[in-house]
Protein chains: 2
Amino acid sequence: MNKILEKNLFQNRDHNHQACISEALDTANKICSAHEARFTPIRRRILELIWKSHEPVLAYDLLRILRREKDNTEPPTVYRSLDFLMEYNLIHKIESLNAYVGCSYAHRPHIGQFLICTECNQFVEIDSSKISKTILTEARQSGFEVASQTVEIYGQCPKCR
Amino acid sequence: MNKILEKNLFQNRDHNHQACISEALDTANKICSAHEARFTPIRRRILELIWKSHEPVLAYDLLRILRREKDNTEPPTVYRSLDFLMEYNLIHKIESLNAYVGCSYAHRPHIGQFLICTECNQFVEIDSSKISKTILTEARQSGFEVASQTVEIYGQCPKCR
DNA sequence: TTTTGATATGTTATATAATAACGTTTTTAC
DNA sequence: GTAAAAACGTTATTATATAACATATCAAAA
Ligand SMILES: [Zn+2]
Ligand SMILES: [Zn+2]
Ligand SMILES: [Zn+2]
Ligand SMILES: [Zn+2]
C-alpha cells in the first residue's frame with residue numbers, strides 16, 4: 001500500500017491536545033444549543049474529562065475524579081451525564097471495554113467504527129462507509145434489516161507497530 | 001435483491017432444534033478430544049444450556065438454572081466454563097449484551113459477525129469475509145494492524161420485519 | 001413575579017457482571 | 001501408589017449499572 005495515501009488518525013504525543021478538548025466542548029455547546037438541550041456544568045466537565053486523553057475512559061474513573069472535586073458525587077451522576085452525552089452523540093460507549101470515548105464526528109451523522117490499540121490503549125473513531133455499507137449489504141443477504149452496528153477493532157496502531 | 005439468493009439463517013419456530021443442540025455438543029466433543037481438553041459434565045451442561053435457544057444467554061441466567069440442579073453453584077463455576085468454551089471457540093460473548101452464544105462455525109477458523117434481532121432476540125452468527133476483509137483493508141488505511149474484530153449488528157430479522 | 005411543570009441533580013439502596021484467592025477433589029502421568 | 005496438573009468448591013470482593021424517590025434548579029405561563 002502507498003504510504004502517502006495512509007491517513008493516520010492517531011495523534012502524536014506532541015500534538016496540541018488542548019485544541020482537541022476545546023473543539024469537542026465547542027461542538028458540544030453548539031449541538032446542545034441547536035437541540036435546546038442543557039449543557040450543564042456536570043455534563044460539560046464529564047465530556048472534558050473523557051477528552052482528557054485519546055483513550056477510552058471507565059465510568060468509575062470519572063466518578064473517582066469527580067469525587068475529588070465534589071465529594072458527594074455518586075454513580076447516577078456519572079451515568080446520567082454519560083446517557084445524555086450518548087443521546088446527542090457527543091460520546092460513544094466501547095461495548096467490549098465498558099468504556100467511553102469522545103465522538104470525533106459529533107457535528108454530522110455517521111456510523112462510526114473504533115480502532116483500539118492494544119499496546120498504547122489509544123483509539124480512533126473512523127467513519128468508513130465501505131465498512132458500514134458492506135455490513136448492510138451482507139446482513140441483507142440473510143434478510144436482516146440493519147438498525148445499528150457495533151464495530152470495535154483491536155490491534156496495533158502505527159506508532160506501536 | 002433476489003429473494004431466491006437470500007440465505008436466511010434465522011431458524012423457524014418449528015425447526016428440529018434438538019438437532020441443533022446435538023450437533024453442537026457433538027462438535028464440542030470432537031474439538032475437545034482433538035485438543036486433549038476435558039469436556040466435563042459442567043462444561044457440557046453449560047454449552048447445552050446456551051444452545052437451548054437461539055438467543056444470547058446471560059451468565060447469571062445460567063447460574064440460576066444450574067443452582068436449581070445443584071444448589072452450591074457459584075459464579076466462578078459458570079465463568080470458568082464460559083472461559084473454557086470461549087477458549088476453544090465453542091461459544092462467543094456478545095459484548096454489547098454481556099451475553100453468550102453458541103458458535104455456529106466451531107469446526108473451522110472464522111471471523112464471526114452477529115446479527116441480533118431487537119424484536120425476538122434471536123441471533124445468527126455469519127462469517128462474512130467481505131465484512132472482515134473490508135475492516136482489515138479500511139483499518140490499514142489508517143496504518144492500523146488488525147488483530148481482532150467485534151462486529152455486532154442490531155435490527156430486524158426476516159420473520160420480524 | 002409568583003406559580004407551576006419540567007428538567008436536572010442528590011441520595012440511598014440494590015441489581016448485575018466478573019474475578020481474586022485459596023482449599024479440595026479428580027484426573028492423568030509416571 | 002504417588003505426584004503433578006487440572007478442575008471444581010467456597011468465600012469474599014471488585015466492577016458496572018440502575019431503581020426509586022427526594023430536592024433543587026430552570027423556564028414558561030399566569
Ligand atoms: Zn488530542
Ligand atoms: Zn462518533
Ligand atoms: Zn435450533
Ligand atoms: Zn463462531
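What's counted below: heavy atoms across the whole structure, side chains too, no hydrogens, waters or symmetry copies. Numbered from 1 within each chain, the chains take letters A, B, ... in sequence-line order.
The nearest whole Å value for the distance from the CG atom in A:Leu85 to the C1' atom in C:dT9 is 15 Å. Rounded to an integer number of Å, the gap from A:Glu69 CD to C:dT9 P is 15 Å. If you take CG of A:Leu63 and C1' of D:dT18, they are 14 Å apart, rounded to a whole angstrom. The separation between A:Arg44 atom CZ and C:dA8 atom C1' is 18 Å, rounded to whole Å. Counting to the nearest Å, the P atom of C:dT9 and the CG atom of A:Leu66 are 12 Å from each other. In this structure, the CZ atom of A:Arg38 is 16 Å from the P atom of D:dA24, given to the nearest Å. Taking atom CD on A:Glu74 and atom C1' on D:dT23, their separation rounds to 15 Å, with Å as the unit. For A:Arg80 and C:dT12, the CZ to P distance is 13 Å, given to the nearest whole Å.
An aromatic stacking contact links A:Tyr60 with the base of D:dT16, defined here by ring centres under 5.5 Å apart and ring planes under 30° from parallel.
Taking 4.0 angstrom as the limit, A:Thr73 places none of its side-chain polar atoms (N or O) nearer than this to OP1 or OP2 of C:dG10. The phosphate of C:dT16 has neither OP1 nor OP2 within less than 4.0 Å of any side-chain N or O from B:Asn98. In terms of phosphate contacts, B:Lys70 brings no side-chain nitrogen or oxygen within less than 4.0 Å of OP1 or OP2 of D:dC8. Contact between the side-chain N/O atoms of A:Tyr79 and the OP1/OP2 oxygens of D:dA17 is found at a separation under 4.0 Å. Taking only side-chain nitrogens and oxygens, B:Arg43 comes nearer than 4.0 Å to OP1 or OP2 of D:dC8. Taking side-chain N and O atoms only, A:Thr40 has no distance below 4.0 Å to OP1 or OP2 of C:dA8.
At least one side-chain heavy atom of A:Cys32 sits less than 4.5 Å from a side-chain heavy atom of A:Phe84.
The environment of CZ in B:Arg108 is crowded: more than 12 heavy-atom neighbours from other residues, nucleotides or ligands sit within 6.0 Å. Taking a 6.0 Å sphere around CD of A:Gln122, one finds it holds more than 12 heavy atoms contributed by other residues, nucleotides or ligands. Counting heavy atoms of neighbouring residues, nucleotides and ligands inside a 6.0 Å radius, atom CD of A:Glu55 exceeds 12 of them.
Both B:Pro75 and A:Asn72 sit near DNA chain C, but only A:Asn72 has its closest nucleotide nearer the 5' end. Between B:Arg64 and B:Glu36, the residue anchored nearer the 5' end of DNA chain C, judged by the nucleotide with its closest heavy atom, is B:Arg64. With DNA chain D read from its 5' end, the first of the two nearest nucleotides for B:Pro76 and B:Phe84 is the one closest to B:Phe84.
One finds a salt bridge joining B:Arg67 and B:Glu74 here, because a Lys/Arg side-chain nitrogen approaches an Asp/Glu carboxylate oxygen to under 4.0 Å.
Within 4.0 Å (heavy atoms only), A:Tyr100 reaches sugar-phosphate atoms of the nucleic acid but no base atom.
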